[in-house]
Amino acid sequence: MKSFLTIGCLLMVVAWMGAEGGTVPGLSVAGMSVAGKPVPMKLPVPAGWPAPQYDFKKNPLTKEGFLLGRKLFYETALSRDSTISCASCHQQFGAFATYEHPLSHGIDNTLTTRNAPALENLAWQKEFMWDGGINHLDLQPLAPLTAVNEMGETVAGVLHRLQRDTAYVRMFREVFGDTAINTQRMDRALSQYLVMLVSADSKYDRVMQGKDSFLLPERLGYAIFQQKCNSCHREPFFTDFSYRNTGMPLDNTLNDFGRMRITGDRRDSLKFKVPSLRNVAITHPYGHDGRFFSLLNVFEHYRKNMVVTPLTDSILQHRLPLSNFEIGQLTAFLNTLTDTAFLKNPLFAPEGYVITPVFVHRH
Amino acid sequence: MVCVSGLVLVLGLKPSVRHPLMIRFRNCVGNRPLALTGELYSNSFGESFSVQQFKYYVSAVRVGDGGDRGWAGEEGSEGVDRGHTDEGEGSEVILKEAHLVDEGDSSSLVLHLSTDLADVRTISFVVGVDSLANTGGVQGGDLDPMLGMFWTWNTGYIYARLEGESDSAHSPAHRFTWDIGGYKDPSNALRTVTLALGGARGDGARDDGAMGGEVIWITADVLKWFDGKSPVHLAGSPICHQPGALAMRIADNYSTMFSVTP
């Protein structure tokens with residue numbers, strides 16, 4: 001474990017070299033834990049980004065905590081029949097969305113009712129899920145764990161299994177000081193892994209840092225983006241974290257009214273969270289229910305297929321006119337948001353796993 | 001001990017000895033004890049029902065000596081009064097954290113607390129869980145989401161649950177489930193309950209317990225869930241699974257279910 005820690009640490013530093021010029025805060029600490037004390041770790045905050053939303057005071061990041069969270073993320077024993085882990089639906093090579101699936105597969109041949117979003121930059125997010133129903137990252141795992149169409153387990157069942165596994169007992173002690181395994185500790189460990197999923201090393205980021213430059217179509221696309229998309233897909237997260245009705249008509253097999261289910265307010269009907277567009281080139285299909293199979297489908301929606309109602313967002317009351325030329329340039333720009341280092345970062349993969357992304361696209 | 005602390009009070013000193021205070025919850029249905037074993041009860045609309053689960057959170061338990069009209073009159077203002085730090089002479093918070101009263105777990109029906117007050121004349125508590133716990137991530141103890149009094153898809157605690165079967169409920173298997181919660185306005189279902197106790201300690205009207213510690217018996221009447229303030233019929237509303245208008249009405253109703261029994 002010790003030697004793995006050191007290697008992991010090295011890889012980590014190497015992986016982020018490009019982004020941070022070799023100075024990754026907190027990650028350059030040697031991976032040796034001093035007599036039972038977990039080694040503190042810092043969230044890498046990209047230059048120019050605001051302070052994270054996540055409260056690290058209650059859950060201080062440590063290497064051991066991160067590694068425990070990672071083990072849990074890849075743990076199939078979290079599901080009732082030990083077939084499904086978080087990573088079954090959140091695949092690293094797909095930016096932690098479910099690659100090429102409109103809806104994800106749960107236990108017993110079930111399907112989720114929504115498209116699994118990419119998991120990235122979660123430490124800056126205040127609310128989770130397409131409807132923002134979950135108000136704290138630590139609480140997020142409880143939803144898939146207990147949902148009958150996801151992992152179909154009970155929290156007690158999961159804890160019981162972990163408590164009987166000596167590897168977990170040892171790791172929980174390393175992280176939290178004693179061997180108690182409870183809901184709070186399990187969820188905090190998972191959060192330690194989740195917050196580290198920082199994606200900020202795309203070509204776009206390098207251009208913004210003056211380390212790279214856009215090709216002509218990318219530059220033109222960026223200008224169009226700033227004019228037509230940035231009010232909702234705001235930089236640097238490519239979302240303003242608001243809920244909006246984009247004129248996607250109700251699918252009457254799913255009957256998903258989005259934000260309205262949480263607020264009970266009719267005006268929130270069919271509002272969904274503005275998704276980040278980081279890594280968007282590989283997170284297809286798109287939309288809260290995965291109804292758009294390609295970026296082209298999304299553009300066709302914005303310019304032609306939107307069903308505008310009085311509840312549709314005020315910015316989109318006349319749809320979003322886009323010429324074929326603009327679509328071409330926008331696509332070129334959106335492709336610069338792919339963060340290959342993130343998709344391949346061995347630190348995020350299960351222990352001992354070699355990643356071969358289906359999509360390797362260095363710019 | 002009562003005598004000693006009385007003397008201390010007379011001398012104007014803070015009593016150094018805390019008085020043990022036991023709170024016991026007794027759940028009933030009208031004049032019958034509540035049982036979770038399929039007994040049939042009937043509400044005031046003649047709807048018959050049985051109860052399988054009956055649980056509620058009690059938090060911010062405060063006792064007063066009767067000279068504390070100020071805070072007692074705050075009832076209904078809004079849930080837990082966090083800013084209230086001036087304990088004053090007449091009242092004391094004796095339990096801050098939420099405690100889950102669960103009819104299915106007899107040990108949860110007793111609270112062993114203590115107070116500085118020599119003579120307790122009023123007791124108040126909040127039914128529910130304050131908003132900090134609703135927004136602060138995963139909690140432990142009685143607030144462990146593992147206990148199921150928690151909505152995972154729309155973050156928030158279920159403050160109180162009444163679940164059972166009724167032929168009047170036209171829901172699957174005639175099951176009715178009333179899960180009540182909500183911490184955001186205008187669906188904040190926290191309710192403060194204030195109860196006056198009987199006569200003074202030791203005058204015979206009050207149970208002084210075995211070891212000199214006082215016992216306060218609090219009775220909770222399930223029937224009030226249906227009509228404590230406004231009628232809610234099982235036929236019309238067998239399911240309540242989220243914060244909102246129905247949860248608010250049922251919370252208003254059950255806020256009247258408590259009484260102190262000598």
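Proteins come first, then strands; the chains are lettered A, B, ... in the order of their sequence lines, and each starts at number 1. FYI, side chains are in, hydrogens and waters are out, and symmetry mates aren't considered; it's all heavy atoms of this structure.
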Chain B interface, residue from [options] that has the most non-hydrogen pairs under 4.5 Å:
options: M129(A), R261(A), M186(A); value: R261(A)
options: L139(A), D138(A), L159(A), N59(A); value: L139(A)
options: L137(A), I134(A), D131(A); value: I134(A)

If you take all heavy atoms of [X] and [Y], which pair is closest and at what distance?
X: Q184(A); Y: Q139(B); result: NE2-CA, 3.9 Å
X: M146(B); Y: T183(A); result: CB-OG1, 3.7 Å
X: W153(B); Y: I262(A); result: O-CD1, 3.9 Å

- Give a yes or no answer on whether the side chain of K58(A) reaches the backbone of G137(B) with a donor-acceptor pair at less than 3.5 Å.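 No.
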- Item | Atom group of D144(B) that falls short of 4.5 Å from chain A, counting heavy atoms | side chain
- Message: Please report the interatomic distance CG(N134(B)) to NE2(H136(A)), rounded to the nearest 0.5 Å.
- Response: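 Reported value, rounded in 0.5 Å steps: 12.5 Å.
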- Message: Can you list the residues of residues 164-179 of chain B that sit under 4.5 Å from chain A, counting heavy atoms only?
- Response: none
- Message: Less than 3.5 Å apart, any donor N or O on the side chain of T135(B) or N135(A) sitting next to an acceptor on the other?
- Response: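 Note: T135(B) and N135(A) side chains miss the donor-acceptor criterion.
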- Query: Do other residues, nucleotides or ligands put more than 12 heavy atoms under 6.0 Å from N109(A) CG?
  - Reply: no
- Query: With a cut-off of 6.0 Å (strictly less than), are more than 12 heavy atoms of other residues, nucleotides or ligands near NE2 of H233(B)?
  - Reply: yes
